[in-house]
Amino acid sequence: MTNGERYKNAFNKVAEMEMKPINIRSIKKKRRQTNHFATVAAAIICVLLIGGTAYAMGKYFGILDFTSRHAVEELPEDGLNLIENNIQETLVDESDESFINCTVKEALCDSETMTIVFEVSSKEKNKYLFVPADALPEDNMSNWSDITEVTAQDYANDKQLQIVNISGTITNDDELGIDSQSMDFYALDDDVMYVYVRCNKESSVKNFDVSWLTTANIYSENIQFDDVVRSTITFTLEDISTLTQVEYLPNSSNPDMQCEIIKAEILQTEIGTYVDIYYTDTKQITNDGLTFRLINSNGEAYQSVGGSGIIYQEDGSCMERIIMNKANLDDTIIVEAFNCYDKTVYGRIEMSIVQ
Amino acid sequence: MRIPVETLIQEYQRNLFVAAFNICGNSEDAQDVVQDTFIQYHTSKKQFNDKQHIKAWLLRVAINRAKDKQRSFWHRKITTLENYNETVVFDNDSEGELLEAVMSLPEKYRIVIHLFYYEDMSLHKISEILKISETNAKVRLSRGRSMLKSMLKEGFTND
(Lines give C-alpha, C1' and ligand atoms only; values in the text may rest on other atoms or scores of the structure.)
Protein backbone atom coordinates (compact mmCIF):
# COMPACT_ATOMS: atom_id res chain seq x y z
CA MET A 1 0.00 0.00 0.00
CA THR A 2 1.39 3.42 -0.93
CA ASN A 3 1.79 6.25 1.56
CA GLY A 4 -0.99 8.13 -0.19
CA GLU A 5 -3.39 5.21 0.23
CA ARG A 6 -2.44 4.76 3.90
CA TYR A 7 -2.84 8.48 4.46
CA LYS A 8 -6.26 8.63 2.80
CA ASN A 9 -7.47 5.56 4.66
CA ALA A 10 -6.41 7.01 8.01
CA PHE A 11 -8.10 10.39 7.51
CA ASN A 12 -11.16 8.89 5.85
CA LYS A 13 -11.65 6.71 8.91
CA VAL A 14 -11.67 9.83 11.10
CA ALA A 15 -14.16 11.47 8.73
CA GLU A 16 -16.41 8.38 8.75
CA MET A 17 -16.49 8.29 12.53
CA GLU A 18 -16.52 11.99 13.36
CA MET A 19 -18.04 13.97 10.48
CA LYS A 20 -21.67 14.89 10.91
CA PRO A 21 -24.14 15.60 8.10
CA ILE A 22 -24.85 19.28 7.63
CA ASN A 23 -27.64 21.28 6.09
CA ILE A 24 -28.38 24.97 5.76
CA ARG A 25 -30.36 25.04 8.99
CA SER A 26 -27.57 23.57 11.04
CA ILE A 27 -25.14 25.99 9.41
CA LYS A 28 -27.31 28.85 10.57
CA LYS A 29 -27.45 27.50 14.09
CA LYS A 30 -23.68 27.30 14.29
CA ARG A 31 -23.29 30.79 12.96
CA ARG A 32 -25.81 32.06 15.44
CA GLN A 33 -23.94 30.53 18.36
CA THR A 34 -20.66 32.14 17.31
CA ASN A 35 -22.20 35.54 16.80
CA HIS A 36 -24.11 35.55 20.02
CA PHE A 37 -21.00 34.71 21.99
CA ALA A 38 -19.63 38.09 21.02
CA THR A 39 -22.73 40.21 21.21
CA VAL A 40 -25.49 38.83 23.32
CA ALA A 41 -24.19 40.18 26.63
CA ALA A 42 -23.74 43.64 25.22
CA ALA A 43 -27.11 43.67 23.50
CA ILE A 44 -29.14 44.27 26.65
CA ILE A 45 -26.88 47.10 27.80
CA CYS A 46 -27.02 48.52 24.32
CA VAL A 47 -30.83 48.67 24.46
CA LEU A 48 -30.63 50.82 27.55
CA LEU A 49 -27.70 53.04 26.63
CA ILE A 50 -27.54 53.45 22.90
CA GLY A 51 -30.20 51.84 20.78
CA GLY A 52 -33.12 53.83 22.07
CA THR A 53 -31.24 57.11 21.87
CA ALA A 54 -30.09 56.64 18.32
CA TYR A 55 -33.53 55.69 17.15
CA ALA A 56 -35.25 58.53 18.99
CA MET A 57 -32.89 61.05 17.38
CA GLY A 58 -33.63 59.62 13.96
CA LYS A 59 -30.01 58.75 13.38
CA TYR A 60 -28.56 55.63 11.90
CA PHE A 61 -26.71 52.99 13.88
CA GLY A 62 -23.05 53.79 13.24
CA ILE A 63 -19.61 52.42 13.99
CA LEU A 64 -19.51 53.90 17.49
CA ASP A 65 -22.89 52.42 18.27
CA PHE A 66 -21.60 49.01 17.27
CA THR A 67 -18.26 49.33 19.05
CA SER A 68 -20.10 50.33 22.21
CA ARG A 69 -21.81 46.95 22.03
CA HIS A 70 -18.47 45.16 22.11
CA ALA A 71 -16.99 45.42 25.57
CA VAL A 72 -13.47 44.65 24.31
CA GLU A 73 -13.45 47.26 21.57
CA GLU A 74 -13.31 50.94 22.34
CA LEU A 75 -12.40 53.36 19.60
CA PRO A 76 -9.65 55.77 20.68
CA GLU A 77 -10.57 59.47 20.70
CA ASP A 78 -8.20 60.43 17.90
CA GLY A 79 -9.63 57.70 15.71
CA LEU A 80 -13.02 59.45 15.60
CA ASN A 81 -11.85 61.93 12.97
CA LEU A 82 -11.12 59.10 10.59
CA ILE A 83 -14.73 57.98 10.35
CA GLU A 84 -16.11 58.71 6.89
CA ASN A 85 -19.86 59.21 6.64
CA ASN A 86 -20.34 60.71 3.23
CA ILE A 87 -19.54 57.80 0.96
CA GLN A 88 -21.06 57.57 -2.48
CA GLU A 89 -21.87 54.05 -3.53
CA THR A 90 -22.80 52.82 -6.98
CA LEU A 91 -25.30 50.05 -7.55
CA VAL A 92 -23.61 47.75 -10.06
CA ASP A 93 -25.85 44.71 -10.06
CA GLU A 94 -28.99 43.40 -8.44
CA SER A 95 -31.41 40.52 -8.85
CA ASP A 96 -34.47 41.31 -10.93
CA GLU A 97 -36.71 40.52 -8.01
CA SER A 98 -34.61 42.42 -5.48
CA PHE A 99 -36.61 44.04 -2.69
CA ILE A 100 -33.68 45.64 -0.84
CA ASN A 101 -31.68 48.84 -0.97
CA CYS A 102 -28.18 49.02 0.45
CA THR A 103 -26.12 52.08 1.26
CA VAL A 104 -22.81 52.66 3.05
CA LYS A 105 -23.38 54.71 6.19
CA GLU A 106 -19.90 54.86 7.70
CA ALA A 107 -16.40 53.54 7.18
CA LEU A 108 -13.23 53.64 9.19
CA CYS A 109 -9.96 52.36 7.87
CA ASP A 110 -6.25 52.54 8.38
CA SER A 111 -3.43 50.71 6.69
CA GLU A 112 -4.24 47.46 8.50
CA THR A 113 -7.98 47.26 9.13
CA MET A 114 -11.30 48.28 7.66
CA THR A 115 -14.65 48.73 9.40
CA ILE A 116 -17.82 49.54 7.48
CA VAL A 117 -21.48 49.94 8.43
CA PHE A 118 -24.11 49.33 5.78
CA GLU A 119 -27.80 50.15 5.92
CA VAL A 120 -30.05 47.58 4.29
CA SER A 121 -33.66 48.67 3.89
CA SER A 122 -36.74 47.32 2.16
CA LYS A 123 -38.06 48.85 -1.04
CA GLU A 124 -41.56 47.99 0.13
CA LYS A 125 -42.51 49.04 3.64
CA ASN A 126 -44.51 47.07 6.21
CA LYS A 127 -43.96 43.74 4.48
CA TYR A 128 -40.76 42.26 5.87
CA LEU A 129 -39.01 41.67 9.18
CA PHE A 130 -35.26 41.84 8.61
CA VAL A 131 -33.17 39.56 10.83
CA PRO A 132 -29.43 38.72 10.75
CA ALA A 133 -28.10 36.03 8.44
CA ASP A 134 -27.74 33.55 11.26
CA ALA A 135 -31.02 34.24 13.07
CA LEU A 136 -33.80 31.70 13.36
CA PRO A 137 -37.51 32.40 13.89
CA GLU A 138 -37.31 31.18 17.49
CA ASP A 139 -34.55 33.69 18.35
CA ASN A 140 -35.37 36.63 20.57
CA MET A 141 -35.55 39.98 18.81
CA SER A 142 -33.43 41.55 21.54
CA ASN A 143 -30.37 39.88 20.00
CA TRP A 144 -30.38 42.41 17.15
CA SER A 145 -32.85 45.17 18.06
CA ASP A 146 -34.29 47.16 20.96
CA ILE A 147 -37.38 44.98 21.01
CA THR A 148 -37.32 42.58 23.92
CA GLU A 149 -39.14 39.52 25.17
CA VAL A 150 -40.52 38.37 21.85
CA THR A 151 -39.27 35.94 19.25
CA ALA A 152 -38.91 36.91 15.61
CA GLN A 153 -41.65 34.44 14.68
CA ASP A 154 -44.16 35.83 17.20
CA TYR A 155 -43.32 39.40 16.23
CA ALA A 156 -43.66 38.65 12.52
CA ASN A 157 -46.94 36.81 13.04
CA ASP A 158 -48.33 39.67 15.12
CA LYS A 159 -47.48 42.28 12.47
CA GLN A 160 -48.03 39.97 9.49
CA LEU A 161 -44.49 40.32 8.23
CA GLN A 162 -42.28 37.88 6.35
CA ILE A 163 -38.97 37.04 8.04
CA VAL A 164 -36.00 37.88 5.83
CA ASN A 165 -32.40 36.91 6.60
CA ILE A 166 -29.94 39.64 5.68
CA SER A 167 -26.27 38.98 5.03
CA GLY A 168 -23.42 40.22 2.92
CA THR A 169 -19.77 39.98 2.08
CA ILE A 170 -16.93 41.99 0.60
CA THR A 171 -16.47 40.27 -2.74
CA ASN A 172 -13.07 41.62 -3.76
CA ASP A 173 -11.52 40.19 -0.60
CA ASP A 174 -8.61 38.58 -2.46
CA GLU A 175 -7.67 41.89 -4.03
CA LEU A 176 -7.69 43.66 -0.64
CA GLY A 177 -5.90 40.83 1.14
CA ILE A 178 -8.82 40.01 3.44
CA ASP A 179 -8.88 36.53 4.95
CA SER A 180 -12.01 36.73 7.06
CA GLN A 181 -14.74 39.23 7.80
CA SER A 182 -16.46 39.51 11.19
CA MET A 183 -19.98 40.85 11.23
CA ASP A 184 -22.63 42.16 13.57
CA PHE A 185 -26.20 43.30 12.98
CA TYR A 186 -28.58 45.80 14.49
CA ALA A 187 -32.12 46.65 13.39
CA LEU A 188 -33.60 50.08 14.05
CA ASP A 189 -36.85 49.26 12.31
CA ASP A 190 -38.62 46.13 11.15
CA ASP A 191 -37.15 46.40 7.67
CA VAL A 192 -34.03 48.49 8.26
CA MET A 193 -30.95 46.51 9.23
CA TYR A 194 -27.47 47.86 9.93
CA VAL A 195 -24.64 45.52 9.08
CA TYR A 196 -21.25 46.05 10.71
CA VAL A 197 -18.24 44.48 8.99
CA ARG A 198 -14.72 44.50 10.32
CA CYS A 199 -11.70 42.89 8.71
CA ASN A 200 -7.94 43.02 8.57
CA LYS A 201 -6.53 43.86 5.16
CA GLU A 202 -3.13 43.54 3.57
CA SER A 203 -3.50 46.18 0.88
CA SER A 204 -1.80 49.37 2.00
CA VAL A 205 -2.90 51.59 -0.92
CA LYS A 206 -4.44 54.85 0.20
CA ASN A 207 -7.47 54.77 -2.08
CA PHE A 208 -9.16 51.49 -2.77
CA ASP A 209 -12.41 50.25 -4.19
CA VAL A 210 -14.67 47.96 -2.20
CA SER A 211 -17.29 45.72 -3.72
CA TRP A 212 -20.06 44.72 -1.31
CA LEU A 213 -22.68 42.09 -1.96
CA THR A 214 -25.86 42.16 0.14
CA THR A 215 -27.98 39.05 0.21
CA ALA A 216 -31.54 38.66 1.42
CA ASN A 217 -33.77 35.64 1.52
CA ILE A 218 -37.20 35.00 2.90
CA TYR A 219 -36.64 32.56 5.75
CA SER A 220 -36.87 28.91 4.80
CA GLU A 221 -35.40 25.75 6.28
CA ASN A 222 -34.26 24.62 2.86
CA ILE A 223 -33.00 27.73 1.19
CA GLN A 224 -31.75 27.25 -2.37
CA PHE A 225 -29.23 29.35 -4.25
CA ASP A 226 -31.90 30.88 -6.48
CA ASP A 227 -34.02 31.92 -3.48
CA VAL A 228 -31.43 34.49 -2.44
CA VAL A 229 -31.83 38.06 -3.65
CA ARG A 230 -28.52 39.80 -4.33
CA SER A 231 -27.47 43.39 -4.66
CA THR A 232 -23.92 44.59 -5.28
CA ILE A 233 -22.62 48.08 -4.67
CA THR A 234 -19.13 49.50 -5.09
CA PHE A 235 -17.56 52.49 -3.40
CA THR A 236 -14.15 53.99 -2.81
CA LEU A 237 -12.56 54.40 0.60
CA GLU A 238 -9.60 56.49 1.50
CA ASP A 239 -7.11 55.64 4.20
CA ILE A 240 -6.34 58.99 5.82
CA SER A 241 -4.67 57.53 8.88
CA THR A 242 -1.15 58.33 9.91
CA LEU A 243 1.10 55.32 10.16
CA THR A 244 4.20 55.21 12.29
CA GLN A 245 6.47 52.21 12.43
CA VAL A 246 9.14 51.38 14.98
CA GLU A 247 11.26 48.35 15.67
CA TYR A 248 12.26 46.80 18.97
CA LEU A 249 15.13 44.36 19.53
CA PRO A 250 15.66 42.02 22.49
CA ASN A 251 18.05 43.25 25.17
CA SER A 252 19.02 39.67 25.95
CA SER A 253 17.78 36.15 25.35
CA ASN A 254 15.67 34.05 27.69
CA PRO A 255 15.67 30.26 27.18
CA ASP A 256 12.43 29.96 29.16
CA MET A 257 10.61 31.72 26.31
CA GLN A 258 10.70 28.40 24.35
CA CYS A 259 11.55 30.39 21.24
CA GLU A 260 14.04 33.00 20.15
CA ILE A 261 12.58 36.44 19.65
CA ILE A 262 14.17 38.13 16.65
CA LYS A 263 12.43 41.50 16.69
CA ALA A 264 9.11 43.25 17.15
CA GLU A 265 7.79 45.63 14.52
CA ILE A 266 5.13 47.94 15.82
CA LEU A 267 2.75 49.78 13.53
CA GLN A 268 0.66 52.50 15.05
CA THR A 269 -2.27 54.44 13.65
CA GLU A 270 -4.97 56.57 15.24
CA ILE A 271 -7.08 53.44 15.50
CA GLY A 272 -4.82 50.75 16.85
CA THR A 273 -1.44 49.33 17.67
CA TYR A 274 -0.30 46.34 15.62
CA VAL A 275 2.56 44.37 17.12
CA ASP A 276 4.32 41.94 14.77
CA ILE A 277 6.56 39.60 16.71
CA TYR A 278 9.15 37.73 14.67
CA TYR A 279 10.65 34.67 16.26
CA THR A 280 12.38 31.38 15.62
CA ASP A 281 10.39 28.39 16.75
CA THR A 282 13.47 26.75 18.22
CA LYS A 283 11.58 24.07 20.14
CA GLN A 284 8.88 23.55 17.52
CA ILE A 285 6.09 24.35 19.95
CA THR A 286 4.25 27.06 18.02
CA ASN A 287 1.52 24.61 17.18
CA ASP A 288 1.24 23.58 20.79
CA GLY A 289 -0.14 26.98 21.65
CA LEU A 290 2.85 29.30 21.93
CA THR A 291 1.68 32.89 21.70
CA PHE A 292 2.63 36.34 22.98
CA ARG A 293 1.34 39.41 24.76
CA LEU A 294 2.77 42.77 25.75
CA ILE A 295 3.12 43.65 29.41
CA ASN A 296 2.76 47.24 30.62
CA SER A 297 4.88 49.00 33.25
CA ASN A 298 2.50 47.82 35.99
CA GLY A 299 3.15 44.22 35.03
CA GLU A 300 -0.28 43.80 33.46
CA ALA A 301 -0.98 42.54 29.98
CA TYR A 302 -2.32 44.95 27.37
CA GLN A 303 -5.72 43.80 26.18
CA SER A 304 -5.57 42.22 22.76
CA VAL A 305 -8.52 42.78 20.43
CA GLY A 306 -7.36 40.34 17.81
CA GLY A 307 -4.48 38.54 16.21
CA SER A 308 -3.20 37.00 13.05
CA GLY A 309 -2.24 33.48 13.97
CA ILE A 310 1.14 32.19 12.85
CA ILE A 311 2.49 33.50 9.57
CA TYR A 312 5.48 31.53 8.36
CA GLN A 313 8.24 33.53 6.76
CA GLU A 314 10.28 32.53 3.73
CA ASP A 315 13.39 32.04 5.88
CA GLY A 316 11.62 29.53 8.15
CA SER A 317 11.02 31.95 11.02
CA CYS A 318 7.54 32.80 12.29
CA MET A 319 5.57 35.98 12.79
CA GLU A 320 2.53 36.58 14.94
CA ARG A 321 0.53 39.80 14.97
CA ILE A 322 -1.12 41.07 18.12
CA ILE A 323 -3.78 43.75 17.56
CA MET A 324 -4.43 46.11 20.45
CA ASN A 325 -6.34 49.31 21.00
CA LYS A 326 -4.00 52.22 20.43
CA ALA A 327 -1.38 52.14 23.17
CA ASN A 328 1.44 54.54 23.95
CA LEU A 329 4.39 52.23 24.32
CA ASP A 330 7.61 53.14 26.10
CA ASP A 331 11.04 52.86 24.54
CA THR A 332 11.37 49.59 26.41
CA ILE A 333 8.66 46.96 26.22
CA ILE A 334 8.18 43.55 27.78
CA VAL A 335 7.01 40.63 25.68
CA GLU A 336 5.64 37.59 27.46
CA ALA A 337 5.44 34.15 25.86
CA PHE A 338 2.65 31.93 27.07
CA ASN A 339 0.60 28.92 26.12
CA CYS A 340 -2.81 30.02 24.90
CA TYR A 341 -4.37 26.65 25.74
CA ASP A 342 -3.38 26.09 29.36
CA LYS A 343 -2.21 29.69 30.06
CA THR A 344 1.24 28.53 31.20
CA VAL A 345 3.58 31.52 31.18
CA TYR A 346 6.92 30.52 29.65
CA GLY A 347 8.86 33.70 30.25
CA ARG A 348 9.39 37.36 29.51
CA ILE A 349 11.91 39.31 27.55
CA GLU A 350 12.73 43.00 27.54
CA MET A 351 13.08 44.75 24.21
CA SER A 352 14.31 48.23 23.38
CA ILE A 353 13.35 50.55 20.58
CA VAL A 354 15.80 50.92 17.70
CA GLN A 355 16.59 54.62 17.41
CA MET B 1 -19.81 29.36 -13.04
CA ARG B 2 -21.58 28.48 -9.81
CA ILE B 3 -22.61 25.13 -8.37
CA PRO B 4 -25.43 24.85 -5.79
CA VAL B 5 -24.07 24.65 -2.28
CA GLU B 6 -25.99 21.43 -1.65
CA THR B 7 -24.03 19.75 -4.45
CA LEU B 8 -20.74 21.04 -3.08
CA ILE B 9 -21.60 19.76 0.40
CA GLN B 10 -22.17 16.33 -1.09
CA GLU B 11 -18.91 16.37 -3.00
CA TYR B 12 -16.45 18.26 -0.85
CA GLN B 13 -17.64 18.11 2.76
CA ARG B 14 -15.21 15.30 3.50
CA ASN B 15 -12.26 17.05 1.83
CA LEU B 16 -12.88 20.21 3.84
CA PHE B 17 -13.48 18.29 7.05
CA VAL B 18 -10.23 16.33 6.91
CA ALA B 19 -8.25 19.44 5.89
CA ALA B 20 -9.73 21.35 8.84
CA PHE B 21 -9.20 18.38 11.15
CA ASN B 22 -5.58 18.27 10.02
CA ILE B 23 -5.11 21.83 11.34
CA CYS B 24 -7.52 21.99 14.29
CA GLY B 25 -6.89 18.48 15.59
CA ASN B 26 -10.47 18.02 16.75
CA SER B 27 -13.71 17.24 14.99
CA GLU B 28 -15.85 19.92 16.68
CA ASP B 29 -13.77 22.78 15.36
CA ALA B 30 -13.35 21.04 12.01
CA GLN B 31 -17.13 20.74 11.72
CA ASP B 32 -17.53 24.46 12.48
CA VAL B 33 -14.91 25.32 9.86
CA VAL B 34 -16.73 23.30 7.20
CA GLN B 35 -20.02 24.97 7.98
CA ASP B 36 -18.48 28.46 7.93
CA THR B 37 -16.77 27.71 4.64
CA PHE B 38 -20.00 26.68 2.94
CA ILE B 39 -21.73 29.74 4.40
CA GLN B 40 -19.03 31.92 2.85
CA TYR B 41 -19.56 30.26 -0.51
CA HIS B 42 -23.32 30.51 -0.16
CA THR B 43 -23.32 34.26 0.53
CA SER B 44 -20.60 35.05 -1.98
CA LYS B 45 -21.35 35.89 -5.57
CA LYS B 46 -17.86 34.96 -6.70
CA GLN B 47 -17.72 33.34 -10.12
CA PHE B 48 -15.43 30.39 -10.77
CA ASN B 49 -13.73 29.06 -13.85
CA ASP B 50 -14.50 25.42 -13.23
CA LYS B 51 -15.14 22.84 -10.54
CA GLN B 52 -11.47 22.53 -9.61
CA HIS B 53 -11.35 26.28 -9.10
CA ILE B 54 -14.27 26.01 -6.66
CA LYS B 55 -12.62 23.14 -4.80
CA ALA B 56 -9.32 25.03 -4.49
CA TRP B 57 -11.15 28.13 -3.23
CA LEU B 58 -13.13 26.12 -0.67
CA LEU B 59 -9.95 24.44 0.57
CA ARG B 60 -8.14 27.74 0.91
CA VAL B 61 -11.04 29.30 2.83
CA ALA B 62 -11.30 26.23 5.08
CA ILE B 63 -7.55 26.21 5.78
CA ASN B 64 -7.53 29.91 6.66
CA ARG B 65 -10.59 29.57 8.85
CA ALA B 66 -9.09 26.55 10.60
CA LYS B 67 -5.90 28.50 11.29
CA ASP B 68 -7.95 31.40 12.67
CA LYS B 69 -9.91 29.06 14.88
CA GLN B 70 -6.75 27.37 16.08
CA ARG B 71 -5.41 30.67 17.35
CA SER B 72 -8.71 32.13 18.51
CA PHE B 73 -8.89 33.30 22.09
CA TRP B 74 -12.63 32.78 22.17
CA HIS B 75 -13.06 29.34 20.84
CA ARG B 76 -10.68 26.62 21.73
CA LYS B 77 -11.48 22.98 22.20
CA ILE B 78 -8.87 20.41 22.91
CA THR B 79 -9.31 16.73 22.24
CA THR B 80 -6.22 14.64 22.44
CA LEU B 81 -5.40 12.39 19.56
CA GLU B 82 -5.31 9.49 21.96
CA ASN B 83 -9.08 9.94 22.30
CA TYR B 84 -9.48 9.52 18.56
CA ASN B 85 -7.29 6.46 18.52
CA GLU B 86 -9.66 4.98 21.10
CA THR B 87 -12.85 5.74 19.18
CA VAL B 88 -11.74 5.45 15.57
CA VAL B 89 -11.27 1.87 14.39
CA PHE B 90 -8.49 1.68 11.81
CA ASP B 91 -8.04 -1.21 9.39
CA ASN B 92 -4.55 -1.76 10.72
CA ASP B 93 -2.20 -0.31 13.30
CA SER B 94 -0.06 1.46 10.75
CA GLU B 95 -2.94 3.79 9.79
CA GLY B 96 -3.43 4.85 13.41
CA GLU B 97 0.29 5.37 13.82
CA LEU B 98 0.40 7.41 10.63
CA LEU B 99 -2.45 9.65 11.77
CA GLU B 100 -0.79 10.22 15.12
CA ALA B 101 2.56 10.93 13.52
CA VAL B 102 1.10 13.37 10.98
CA MET B 103 -0.85 15.22 13.65
CA SER B 104 2.28 15.61 15.74
CA LEU B 105 4.07 17.46 12.94
CA PRO B 106 4.30 21.25 13.09
CA GLU B 107 1.35 22.79 11.28
CA LYS B 108 3.39 24.16 8.40
CA TYR B 109 4.59 20.68 7.42
CA ARG B 110 1.29 18.97 8.25
CA ILE B 111 -0.87 20.93 5.85
CA VAL B 112 1.56 20.51 2.95
CA ILE B 113 1.75 16.77 3.61
CA HIS B 114 -2.04 16.69 3.68
CA LEU B 115 -2.58 18.49 0.40
CA PHE B 116 0.06 16.32 -1.27
CA TYR B 117 -1.07 12.91 -0.02
CA TYR B 118 -4.79 13.39 0.52
CA GLU B 119 -5.65 15.81 -2.27
CA ASP B 120 -2.95 14.51 -4.67
CA MET B 121 -2.01 18.11 -5.39
CA SER B 122 1.13 19.19 -7.18
CA LEU B 123 3.63 21.43 -5.41
CA HIS B 124 2.58 24.22 -7.74
CA LYS B 125 -1.07 23.89 -6.71
CA ILE B 126 -0.13 23.64 -3.02
CA SER B 127 1.92 26.82 -3.29
CA GLU B 128 -1.08 28.61 -4.84
CA ILE B 129 -3.47 27.51 -2.11
CA LEU B 130 -1.14 28.28 0.79
CA LYS B 131 0.24 31.41 -0.87
CA ILE B 132 3.83 30.30 -0.41
CA SER B 133 6.55 29.79 -2.98
CA GLU B 134 6.86 26.46 -4.76
CA THR B 135 10.35 26.05 -3.29
CA ASN B 136 9.00 26.62 0.18
CA ALA B 137 6.28 24.03 -0.40
CA LYS B 138 8.93 21.57 -1.60
CA VAL B 139 11.08 22.16 1.48
CA ARG B 140 8.13 21.71 3.80
CA LEU B 141 7.10 18.48 2.07
CA SER B 142 10.64 17.14 2.28
CA ARG B 143 11.05 18.03 5.96
CA GLY B 144 7.63 16.65 6.78
CA ARG B 145 8.48 13.36 5.08
CA SER B 146 11.80 13.13 6.93
CA MET B 147 10.08 13.65 10.25
CA LEU B 148 7.48 11.00 9.43
CA LYS B 149 10.21 8.56 8.40
CA SER B 150 11.88 8.90 11.77
CA MET B 151 8.61 8.51 13.67
CA LEU B 152 7.01 5.55 11.91
CA LYS B 153 7.98 1.92 12.41
CA GLU B 154 7.20 1.07 8.81
CA GLY B 155 8.98 4.17 7.59
CA PHE B 156 7.60 6.59 5.07
CA THR B 157 8.79 6.35 1.52
CA ASN B 158 8.74 9.22 -0.92
CA ASP B 159 6.06 7.74 -3.21
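In what follows, every chain begins at residue 1, and chains take the letters A, B, ... in the order their sequences are listed.
- Across M19(A), K8(A), K13(A), the residue that shares the most heavy-atom pairs under 4.5 angstrom with chain B is M19(A).
- With contacts defined as side-chain heavy-atom distances shorter than 4.5 Å, the pair Q258(A)/Y279(A) does not qualify.
- Aromatic ring centres of F11(A) and Y117(B) lie farther apart than the 6.0 Å criterion allows.
- Not counting sequence neighbours, the partners of W212(A) by the side chain to side chain donor-acceptor pair (under 3.5 Å) test are T214(A).
- Looking at residues two or more places apart in sequence or on another chain, you find no ring pair (Phe, Tyr, Trp, His ring centres under 6.0 Å) involving Y278(A).
- When heavy atoms are compared at a cutoff of 4.5 Å, V61(B) does not approach chain A at all.
- Interface remark: N12(A) contributes backbone and side-chain atoms alike to the contact with chain B (heavy atom separation under 4.5 Å).
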